[in-house]
2 protein chains.
Amino acid sequence: MAPSLDTIFAALSDPTRRAILTMLLEDDMAVTDVAEPFEMSLAAISKHLVILANAGLIAQEKRGRVKWCKLQPDALREASVWMQGFGQFEAINLDAFERFLETELAPADLPGPDEEPGEEASGR
Amino acid sequence: MAPSLDTIFAALSDPTRRAILTMLLEDDMAVTDVAEPFEMSLAAISKHLVILANAGLIAQEKRGRVKWCKLQPDALREASVWMQGFGQFEAINLDAFERFLETELAPADLPGPDEEPGEEASGR
DNA sequence: TCCATGTTCAACCGAAGGGTTGAGAATGCC
DNA sequence: GGCATTCTCAACCCTTCGGTTGAACATGGA
């Protein structure tokens, strides 16, 4: 099913899920490894991954016992296009981009400055 | 309070609220006028507007009896920047930065694509 | 075969979301 | 003042969400 904006934005509204996406930005990961930095059960992370997959934000491929999660930016692009419809942003300013980089490149603490779910993402 | 990505994306995840934003793209509107095309109570729309305002997506200004709603694209910009990170970078690297700059410097064509507000108005 | 590993399923729980209705607070108009 | 208009508040209802735990399924390795 083609993911709707509803499901995409809803998926993005949870800090844990955004953190997962950020982690996947670096590399594909197995479910267990995705769950490791978070202080919640594996089942909970598994549910989050299903939500992300339903939104089309990630793809999951099973190889052997292990299910690999891979970022799939197309859905994000769709949402981004919707936003561009609000012509008010003539251009994205650099301040905003810097804030983005701070958020996303911060060493390994996945949660942005905004929130704090898990702890350190031990590098894979 | 600075609206978080949580609240911004959550606000965007509802079709009624996105439709409202689209309507406000054309013009500022009073609460009653915002509610008019929808098949739900005024109170429900009022709640939606509070959520949009808390997310920083709209501003509300009371003049006389009437409360005017105005689009406020800053929050959208913040969310958009977050998403651009995934849309443009396969992995974070400096090439990505260059591509970002290309986007950033692209001429602001669009006064806003004319879309019809009614599309997904009465969800359910 | 038996066991450990990786992941999901099922049932449950409390909190939040989206809607309703009815009452109530401001404000503008006569 | 009296009344209509505009909007929010409060209480409620039902569903969804995010989490838990324990069991089950699937696979790989000894």
Side-chain angles (χ1 to χ4, degrees), chain A residues 3-21 23-24 28-55 57-70 110-111 114-119 124, chain B residues 3-21 23-24 28-55 57-70 120-124:
Chain A
S4 65
L5 285 175
D6 283 33
T7 52
I8 295 172
F9 283 127
L12 292 177
S13 72
D14 184 276
T16 301
R17 288 193 289 265
R18 287 199 310 278
I20 291 173
L21 291 178
M23 291 163 60
L24 291 178
D28 300 356
M29 298 179 79
V31 173
T32 304
D33 295 330
V34 169
E36 192 267 336
F38 296 97
E39 284 177 342
M40 69 178 72
S41 69
L42 186 61
I45 295 294
S46 180
K47 281 192 193 176
H48 280 303
L49 290 171
V50 167
I51 291 171
L52 288 171
N54 284 340
L57 293 166
I58 66 169
Q60 293 185 288
E61 179 198 357
K62 192 167 183 180
R63 285 205 298 270
R65 280 188 291 208
V66 177
K67 201 167 194 176
W68 293 90
C69 305
K70 179 184 177 60
L110 6 137
D114 242 348
E115 48 261 330
E116 359 207 284
E119 40 207 27
R124 182 170 52 261
Chain B
S4 66
L5 285 175
D6 283 32
T7 51
I8 295 171
F9 282 126
L12 292 176
S13 72
D14 185 275
T16 301
R17 288 193 289 266
R18 287 199 308 278
I20 291 174
L21 291 178
M23 290 163 62
L24 291 178
D28 300 356
M29 297 179 79
V31 173
T32 305
D33 295 330
V34 169
E36 191 267 335
F38 297 96
E39 283 176 342
M40 69 179 71
S41 69
L42 184 61
I45 295 294
S46 181
K47 282 192 193 176
H48 280 304
L49 290 171
V50 167
I51 291 171
L52 288 171
N54 284 340
L57 292 166
I58 66 169
Q60 291 185 290
E61 179 198 358
K62 192 167 183 180
R63 284 204 300 269
R65 280 189 291 207
V66 178
K67 201 168 194 177
W68 292 90
C69 305
K70 180 185 177 59
E120 49 196 356
S122 64
R124 263 266 51 96

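Naming convention: chains lettered A, B, ... in sequence-line order (proteins, then strands); numbering from 1 in each chain.
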Legend entry - Out of dT21(D), dT8(C), dC7(D), whichever nucleotide has its closest atom nearest the side chain of Leu42(A): dT8(C)

Legend entry - Upstream residue (5' side of DNA chain D) when Ser41(A) and Ala30(B) are each assigned their closest nucleotide: Ala30(B)

Inset, instruction - Ignoring the backbone of Lys67(B), work out which of dG19(C), dC7(D), dT6(D) is nearest its side chain. - result: dC7(D)

Legend entry - Nearest-neighbour nucleotide for the Asp14(A) side chain, dG18(D), dA26(C), dC7(D) considered: dG18(D)

Legend entry - Side-chain heavy-atom pair Leu57(B), Leu24(B) within 4.5 angstrom cut-off: no

Inset, instruction - Taking the side chain as every heavy atom from C-beta outward, state whether Val31(B) and Gln60(B) have any pair of such atoms under 4.5 Å apart. - result: yes

Legend entry - Residue Thr32(A), side-chain heavy atoms: nucleotide from dT8(D), dT7(C), dT5(C) that is nearest: dT7(C)

Inset, instruction - Side chain of Ala43(B) only, please: which of dC9(D), dA26(D), dG22(D) is the nearest? - result: dC9(D)

Inset, instruction - Starting at atom CZ of Arg63(B), determine the distance to atom P of dG28(C), rounded to an integer number of angstrom. - result: 12 Å

Legend entry - Validation row: Thr7(A), Asn54(A) side chains within 4.5 angstrom (heavy atoms): no

Legend entry - Value in whole Å for how far the P atom of dT5(D) lies from CG of Asp33(B): 14 Å

Inset, instruction - For the side chain of Val31(A), starting at C-beta, report the closest nucleotide among dG19(C), dG19(D), dT7(C). - result: dT7(C)

Inset, instruction - Go through the N and O atoms of the side chain of Lys47(A) and the base of dG19(D), and report whether any donor-acceptor pair is under 3.5 Å. - result: yes

Legend entry - Nucleotide nearest His48(A) when distance is taken to its side chain, options dT6(D), dG19(C), dG18(D): dG18(D)

Inset, instruction - Could you tell me the separation between the CE atom of Met29(A) and the C1' atom of dT7(C), rounded to a whole number of Å? - result: 15 Å

Legend entry - Min side-chain heavy-atom separation Thr16(B)-Met40(B) under 4.5 Å: yes

Inset, instruction - Go through dG19(C), dC7(D), dT20(D) for me and flag the one nearest to the Met40(B) side chain. - result: dG19(C)

Inset, instruction - Output yes when at least one side-chain N/O atom of Ser46(A) is less than 4.0 Å from OP1 or OP2 of dT8(C), else no. - result: yes

Inset, instruction - Mind checking Arg17(B) for me? I need base, sugar-phosphate or nothing, with any heavy atom below 4.0 Å counting as a touch. - result: sugar-phosphate

Inset, instruction - May I ask you to test the His48(B)-Phe38(B) pair for a side-chain heavy-atom distance under 4.5 Å? - result: no

Legend entry - Proximity to the side chain of Val66(A) - top-ranked nucleotide from dT8(C), dA26(D), dG6(C): dG6(C)

Inset, instruction - Return the value, rounded to whole Å, for the distance between atom CD1 of Ile45(A) and atom C1' of dT21(D). - result: 16 Å

